Structure formats: structure tokens, C-alpha cells
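If you're wondering where the values come from, they're calculated on a predicted model, not measured in any experiment.
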Amino acid sequence: MLALTLAAHAAAAAPPAKQLAVVNAALHQFEDGPPLPAAFTFLAGDTVFLSFQVSGYRVSEKERVLLSHQIEARDGRGLPLAPPVSRKVDVELAEEDKNWMPKARYDVLVPPLADSGLYRISIRLKDELSGSAASKDLEFTVRGLAVEPSP
């Protein structure tokens, strides 16, 4: 009976499984610069820098992490600013890496003749070991040229 009670307490004390997530996502004016406030406005021709980390990933028995992500930037009309970027993270962790979180960086140029509007960067993340997925969208404002469409 004591063993059963101890097993029940151990199960109750076990931390819940972490959920895969994009964390600390931020936009910057330059690589590794300070995070920009949500009200910041980029100008046509600016480069937008993105950084984020990943939490809640599974570590294999051999202390391996295998993640993939795709990043896509679109303008206010939904048109791509650049081709989507796909990357993989395949690393072996050491004992001191128990709190390590992968960090990803991305940058995209806002076209010099871009329209003003609300632009979006979409991040799609997949843990190849657990099969879990996560996504996050970041929006940013662009002030561009006001050009009336021709007939």
C-alpha cells in the first residue's frame, strides 16, 4: 500500500509535458538589436529583423533535438515579400544545456516602393521527434508611398 501511495505522489508531482512554442519573438531594426515596441513603424526600404526562441521541444534518449521551421513575410495585401525560408535545428545537447532554447534569426527587406499597411511574418515550427507543431504571427506597420492605382 505504501508503494502504491508513493507511486501516486510521484505521478502527481511529475511536471506536465511542455508544449512546443515560439517564445521571445521580437522584431528589430538591426540584427540582435533591442526589441521594438508594437507601435514602431518601418519605412519602405527598411530591413526587418526577427529573432525568436523555441521551448517545449522533445529531447531524444541520445540527447538530440530535431526541429524545423518555416518563416514567411507578407505585405498588407498578402503578397510575399520574399520566398519562404525553411531551416532545421539538429543538435546534440550536453549536461549543461538543460535550460537551452534554440534561437532563430530572420531578416527581410521591405521593398523600396512598398505600400503603407499592416505586414505580417508567420512562423511555423515542428518538433520532428514528437510530431508536435506550433505557429506564431507577428505584425508590423509599414509607412510607404501613397500611390493611387491607375485605371
Side-chain angles (χ1 to χ4, degrees), residues 7-145 147:
H9 284 293
K18 294 180 184 176
Q19 187 167 355
L20 186 66
V22 174
V23 296
N24 302 326
L27 299 177
H28 314 274
Q29 271 187 297
F30 51 91
E31 188 170 8
D32 290 333
L36 296 171
F40 185 85
T41 299
F42 287 93
L43 301 176
D46 281 351
T47 299
V48 179
F49 292 87
L50 164 74
S51 67
F52 64 91
Q53 291 181 288
V54 179
S55 69
Y57 53 86
R58 177 178 285 172
V59 179
S60 74
E61 292 176 7
K62 295 182 179 181
E63 299 300 316
R64 199 138 196 93
V65 174
L66 184 56
L67 304 167
S68 63
H69 64 267
Q70 184 176 18
I71 305 171
E72 190 172 35
R74 294 188 172 270
D75 69 9
R77 294 179 297 179
L79 300 174
L81 296 180
V85 172
S86 296
R87 297 185 182 131
K88 291 196 178 281
V89 174
D90 184 359
V91 296
E92 187 174 320
L93 300 181
E95 173 102 17
E96 59 272 9
D97 295 330
K98 62 183 171 193
N99 295 323
W100 178 77
M101 289 192 299
K103 184 170 186 175
R105 292 174 179 86
Y106 170 79
D107 61 84
V108 65
L109 175 69
V110 176
L113 299 175
D115 291 335
S116 293
L118 194 59
Y119 287 49
R120 173 174 292 152
I121 296 177
S122 298
I123 304 165
R124 288 190 301 279
L125 177 64
K126 182 173 182 186
D127 184 338
E128 302 292 341
L129 296 175
S130 70
S132 62
S135 64
K136 184 167 189 79
D137 289 341
L138 284 88
E139 294 182 335
F140 60 97
T141 303
V142 171
R143 188 175 71 224
L145 300 174
V147 178

Side chains of [X] and [Y]: closer than 4.5 Å at any heavy-atom pair?
X    : Y    : value
Q29  : L36  : yes
L81  : D75  : yes
L43  : V110 : no
D32  : R105 : yes
H69  : V54  : no
H28  : S51  : yes
P102 : V91  : no
L50  : I123 : yes

Seminar exercise, completed: The side chain to side chain contact (heavy atoms under 4.5 Å, CB included) partner of T41 among T141, D46, V142 is T141
Out of curiosity, [X] [atom1] to [Y] [atom2], how far, rounded to the nearest 0.5 Å?
X    : Y    : atom1 : atom2 : result
Y119 : R77  : OH    : CZ    : 7.5 Å
F30  : T47  : CZ    : OG1   : 13.0 Å
F49  : I121 : CZ    : CD1   : 11.0 Å
D127 : S68  : CG    : OG    : 8.5 Å
L20  : K126 : CG    : NZ    : 11.0 Å
L27  : Y106 : CG    : OH    : 11.0 Å

Nearest heavy atoms of [X] and [Y], plus distance in Å:
X    : Y    : result
P112 : A44  : O-CB, 3.4 Å
R58  : L129 : O-CD1, 3.4 Å
S55  : V23  : OG-CG1, 3.5 Å

For residues 131-140, please give each side-chain donor-acceptor pair under 3.5 Å, one per line with the distance, not counting sequence neighbours.
unit_1	atom_1	unit_2	atom_2	d
S132	OG	S130	OG	2.8
D137	OD1	S122	OG	2.8
E139	OE2	R120	NH2	2.2

Seminar exercise, completed: Across all chains, not counting sequence neighbours, the salt bridge (Lys or Arg N to Asp or Glu O under 4.0 Å) partners of R64 are D90, E92
Exercise. Can you tell me if CZ on R74 sees more than 12 non-hydrogen neighbours from other groups inside 6.0 Å?
Worked result: yes
For this session: Please confirm whether the backbone N or O of Q53 pairs with a side-chain atom of N24, one donor and one acceptor, at under 3.5 Å?
Result: no
For this session: Kindly indicate, with the supporting measurements, whether the criterion side chain to side chain contact (heavy atoms under 4.5 Å, CB included) is fulfilled by I71 and F52.
Result: CA-CA 11 Å; I71 305 171; F52 64 91; 3.8 Å; yes
